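Notes follow the structure.
None of the values given here were measured: they were computed from a predicted structure.
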Amino acid sequence: MFVLIWSALFVSVKGSIAETGASPLVQQHCGKGYCLNLTERELTAEAGLCVVIPCSFTTADEFTPKHIVWYKCIAQHRCCEADIIFHSNKNTDKKAQAEFEGRVSRLEPDVTQKNCSIIINDLKESDSGSYQFRVTGELNGKQDGFTFIPRVSVSVKGLNLKPRVMIPTLTEGQQATLTCTAPGLCSGSVPEITWTWRGAGGTESYITGNSTNFKTENLAAFTQRHISTLTFNASSEHHNTSITCKINFTCGKTTEETLTVNVKYKKEITISGVTTVKEGDVLNLTCSVESFPPSVIVWSKLGSDTNLHNDTGSATLVIHNVTSEHSGQYICTVKHLDTTLNSYVDVTVTWHTKIQNGSGCVLQSEGLTCVCISEGFPLPNITWPLLTHHTEYSVITSVSNHTVNSTVSLTVKNHGNSTVECVSNNGNGEERENLLINNNLSKKDEPSSGLRWRFLEIIIAFLIGAVLSSGVCFLAKKCYRKEMTSSGHLNDTFVMLTRPDDPLIYDAQALQNNQTLNSNSGTNEVKYATIDLSLLKTHSGRKAARMRESTKTEYAEIKKVIKKEQEDDGGDDGKMLEGEMKHCETEKKDEEDEAVYSTVNDITDDI
């Protein structure tokens with residue numbers, strides 16, 4: 001039993017001495033058959049805690065121990081009854097000092113085990129002094145006692161030991177338990193343990209909805225461990241805050257320990273910056289996410305495997321002198337612990353409006369047609385200042401990708417100006433262009449040097465048509481003469497046969513199949529119509545115009561020949577022939593369709 005108690009005592013004292021730097025070696029002091037076993041004769045302890053004075057003794061064979069007595073004396077002075085701090089005989093009139101009452105206890109109640117160790121709890125600085133041991137009993141049947149000369153010096157200093165706080169790994173949304181263990185292992189008064197949170201600005205508060213538990217663990221008959229636990233639900237608000245465990249001892253001494261709390265968490269991804277930028281400007285986008293530990297952020301562009309930029313916690317993507325190629329969808333990839341999240345943002349690069357080549361005006365008789373082609377993003381708006389002075393006009397607007405084509409047609413009798421202004425604006429800037437007016441094509445950059453050759457081609461086509469018309473009339477007249485000869489008079493019917501693929505007639509009809517959109521307005525506002533540019537066939541329009549001219553000439557020549565023969569052969573037969581020849585004439589429209597031009601070159605082709 002003594003061995004077990006001594007082992008426990010040794011462990012306890014070792015822990016206490018380890019805190020003060022003392023050595024646990026045991027020294028034996030003997031005299032007249034009495035021996036006292038002590039550790040270091042000088043012990044150091046801290047106020048508010050406890051101190052253990054380990055002690056064992058042996059006596060002469062004829063001496064029977066009954067009680068033990070401990071004194072606290074002034075050094076170099078003899079201890080007396082007034083200096084008693086502990087007496088195991090409760091029936092004696094020799095009382096212990098009042099200030100030690102209830103604070104001193106022995107480790108082993110059975111004196112026959114010859115264990116004289118005591119514990120002094122709730123230490124004060126005034127407990128510092130010299131401690132001496134005495135054993136009382138019977139020697140040869142008579143009351144006797146023996147006081148051991150060696151003394152133990154105890155020095156009590158201020159409380160420096162701090163509680164031990166254990167903080168596990170905290171994750172947002174999960175329950176967590178913190179542990180605070182008071183310093184010291186003595187069975188003294190139970191201390192008060194409190195938890196305090198210190199947030200931003202140094203304000204102190206308790207966690208909402210927390211719960212605390214207190215327990216005392218008995219390690220041995222004379223050692224105890226006081227523990228407090230704090231349970232709460234961790235959140236991002238607790239991250240990077242301070243938590244304090246404070247110990248209040250009965251002697252008025254306090255000690256505390258403060259630690260920083262880290263909580264694993266991740267908030268929503270945020271992307272800041274302007275996503276619509278002008279061409280030539282700087283694209284600046286920042287992707288950030290508040291998290292612990294900090295997240296790894298990577299910028300990339302959809303459709304590309306190249307990482308544009310990466311950083312921790314916050315990543316800023318900067319692209320100087322952006323072009324239209326930088327438009328598209330960008331991806332911010334956030335990697336936090338074992339999770340990966342993506343956030344997307346669409347970037348739009350706009351550019352200034354530009355009036356393109358192919359813009360110009362042409363004057364035909366009393367009709368003025370102008371074409372203005374502008375490119376830009378967003379799509380530009382094309383206006384004609386000229387239209388503010390006119391009430392009747394037509395405007396056709398077509399769109400293809402980022403290009404707008406505006407064609408204006410109006411009737412002018414006396415147009416004294418030599419230019420027409422085209423204004424294009426898409427919000428990024430405005431561009432004005434004065435388009436030259438001429439009977440020949442007036443382009444933005446250069447005049448058409450091949451215009452004269454086009455007029456020459458029209459004249460040649462007219463001459464060829466006239467020759468063909470004469471040939472047809474000659475053959476018709478010859479057939480007529482032959483029938484008159486064989487039958488003696490003209491046939492009742494004269495038929496001219498044509499093939500469906502005869503370009504003389506059907507090419508003119510093809511022109512009617514081309515889609516043309518006209519709009520006349522009585523106001524000064526420009527009206528727009530959307531058309532499909534794929535239906536604009538400039539060459540078919542040019543060919544149809546030429547065929548229409550050629551057909552008109554040929555039919556006119558045929559009709560002229562028939563009338564002449566009517567005068568030579570008589571009235572009735574001539575009328576019948578003229579009536580039948582209507583099959584060779586084309587029907588004249590009341591109103592001609594107006595062509596749609598994709599560039600001003602198409603206007604000249606119709607001249």
Side-chain angles (χ1 to χ4, degrees), residues 9 13 16-17 20 22-47 50-109 111-157 186 251:
L9 175 63
V13 173
S16 178
I17 295 176
T20 60
S23 172
L25 296 179
V26 178
Q27 297 180 358
Q28 189 178 52
H29 306 275
C30 298
K32 298 181 179 181
Y34 295 84
C35 294
L36 181 64
N37 299 316
L38 296 173
T39 59
E40 292 289 340
R41 296 177 63 178
E42 293 184 0
L43 296 176
T44 302
E46 294 187 6
C50 65
V51 65
V52 176
I53 302 178
C55 169
S56 64
F57 65 94
T58 59
T59 64
D61 295 337
E62 59 275 13
F63 184 83
T64 303
K66 296 291 185 179
H67 297 284
I68 62 172
V69 181
W70 278 95
Y71 303 89
K72 175 182 176 290
C73 322
I74 299 176
Q76 307 301 327
H77 286 74
R78 182 177 179 179
C79 293
C80 60
E81 292 183 357
D83 298 326
I84 297 175
I85 63 170
F86 177 80
H87 201 304
S88 62
N89 186 4
K90 302 301 181 183
N91 296 322
T92 183
D93 56 354
K94 299 177 181 178
K95 303 294 184 182
Q97 300 180 33
E99 58 181 294
F100 284 94
E101 189 68 34
R103 295 196 297 127
V104 182
S105 60
R106 53 181 174 174
L107 300 184
E108 176 54 60
V111 179
T112 61
Q113 299 296 325
K114 299 181 179 179
N115 183 356
C116 53
S117 300
I118 60 171
I119 300 173
I120 305 175
N121 293 303
D122 303 329
L123 287 175
K124 306 174 183 178
E125 283 87 346
S126 59
D127 292 338
S128 299
S130 178
Y131 291 82
Q132 189 174 31
F133 170 67
R134 174 179 172 82
V135 61
T136 62
E138 294 180 357
L139 178 63
N140 296 323
K142 295 181 180 180
Q143 297 289 332
D144 198 357
F146 185 84
T147 302
F148 294 88
I149 296 176
R151 298 184 181 185
V152 177
S153 176
V154 176
S155 176
V156 180
K157 299 181 179 179
C186 301
C251 63

>> Angle between ring planes, Phe100 versus Tyr131, binned at 30° and 60°: parallel, tilted or perpendicular?
In response: perpendicular
[X] versus [Y]: any side-chain heavy-atom pair under 4.5 Å?
| X | Y | result |
| --- | --- | --- |
| His29 | Ile149 | no |
| Val111 | Arg106 | yes |
| Asp83 | Gln97 | yes |
| Lys72 | Val154 | no |
| Cys30 | Gln28 | yes |
| Lys157 | Glu125 | no |
| Cys55 | Ile118 | no |

> Taking SG to SG, are Cys73 and Cys80 separated by less than 2.5 Å?
Replying inline: no
>> Looking at Glu62, I'd like to know if its CD atom is crowded, meaning that more than 12 non-hydrogen atoms belonging to other residues, nucleotides or ligands lie closer than 6.0 Å.
In response: yes
>> Between Lys114 and Val135, is the side-chain contact (heavy atoms from CB on, under 4.5 Å) condition met? List the steps.
In response: CA-CA 10 Å; Lys114 299 181 179 179; Val135 61; over 6 Å; no
>> If you compare all heavy atoms of Gly137 against all heavy atoms of Lys66, which two are closest, and at what distance to 0.1 Å?
In response: CA-CG, 3.6 Å
> So, for Cys50 and Leu123, which heavy atoms are closest and what is the spacing to 0.1 Å?
Replying inline: C-CD1, 3.5 Å
> How far apart are the C-alpha atoms of Phe146 and Phe57, what are their side-chain angles, what is the distance that settles it, and do they pass the ring-ring contact (aromatic ring centres under 6.0 Å, His included) test?
Replying inline: CA-CA 11 Å; Phe146 185 84; Phe57 65 94; 10.0 Å; no
Gap separating the [atom1] atom of [X] from the [atom2] atom of [Y], nearest 0.5 angstrom:
| X | Y | atom1 | atom2 | answer |
| --- | --- | --- | --- | --- |
| Leu139 | Thr136 | CG | OG1 | 12.5 Å |
| Ile85 | Cys79 | CD1 | SG | 9.5 Å |
| Gln132 | Arg78 | CD | CZ | 9.0 Å |
| Tyr71 | Phe86 | OH | CZ | 12.5 Å |
| Gln76 | Ser130 | CD | OG | 8.5 Å |
| Ile84 | Arg134 | CD1 | CZ | 9.5 Å |

> Between Ile53 and Trp70, is a side-chain contact (heavy atoms from CB on, under 4.5 Å) present by the stated rule, with each step listed?
Replying inline: CA-CA 11 Å; Ile53 302 178; Trp70 278 95; 3.9 Å; yes
Would a distance-only check, ignoring hydrogens and angles, find a side-chain to backbone donor-acceptor pair under 3.5 Å from [X] to [Y]?
| X | Y | result |
| --- | --- | --- |
| Ser128 | Val156 | yes |
| Arg103 | Asn121 | yes |
| Arg41 | Arg151 | yes |

>> If we check side chain to side chain contact (heavy atoms under 4.5 Å, CB included) with Leu38, which of these qualifies: Cys116, Ser56, Pro150, Pro54?
In response: Pro150
